[in-house]
Amino acid sequence: MTLDNLDLRKAGLKVTLPRVKILQQLETAVERHMSAEDIYKALMESGEDVGLATVYRVLTQFEQAGIVMRHNFEGGSAVFELADEGHHDHMVCLDTGTVLEFLDPEIERRQKIIAEEHGYDLVEHSLVLYVRPKKQ
Ligand SMILES: [Zn+2]
């Protein structure tokens with residue numbers, strides 16, 4: 001799924017060049033999870049003149065509009081991803097900062113059961129595994 005100018009309008013945001021460029025960057029990047037600095041650098045490399053402060057501001061607006069999700073993983077700066085995917089959990093490599101996505105039906109099922117065993121309905125969860133490359 002790709003977001004376009006219409007989605008910006010639907011989210012109540014005026015279509016401005018920085019917003020369009022940042023949205024395109026998030027859509028086309030190989031790495032789905034990018035920090036504001038990553039986005040800023042990528043835009044600079046492709047010759048776009050968007051300041052870091054603008055990137056921060058637009059990402060916050062996108063987050064408030066529900067277009068992106070912010071993750072505050074430990075040991076790094078906040079990363080952003082488009083909120084166009086279904087639920088998934090994350091794995092963060094402590095050596096490289098690489099962010100991986102995974103979804104395990106067994107973990108999903110168990111979390112629901114555990115909440116229920118404590119007398120609750122599971123509303124949402126966020127699971128992050130901090131990992132290191134496996135020693136050979
Ligand atoms: Zn993700």
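Residues: numbered from 1 along the sequence shown. Predicted, not measured: the structure shown is a model, and the values here were computed from it. Counting starts at 1 for both ligands and their atoms, in listed order.
- Between the side chains of Tyr56 and Glu37, at least one donor N or O lies within less than 3.5 Å of an accepting N or O.
- Linking ILVMFWY residues whenever their side-chain heavy atoms come closer than 4.5 Å, directly or via other members, leaves Ile39 and Met69 in distinct clusters.
- Enclosure of atom CG in Asp121 is not indicated, since only 12 or fewer non-hydrogen atoms of other residues, nucleotides or ligands lie within 6.0 angstrom.
- A donor-acceptor pair shorter than 3.5 Å cannot be found between the side chains of His118 and Glu116.
- Here the angle centred on the Zn ion (ligand 1), running from NE2 of His33 over to NE2 of His88, is 160°, rounded to 10°.
- When rounded to 10 degrees, the angle formed at the Zn ion (ligand 1) by OE2 (Glu101) and OE2 (Glu81) equals 130°.
- The Zn ion (ligand 1) lies under 2.8 Å from an N, O or S atom belonging to His90.
- Inclusion of Glu85 in the first shell of the Zn ion (ligand 1) is not supported: no N, O or S atom falls under 2.8 Å.
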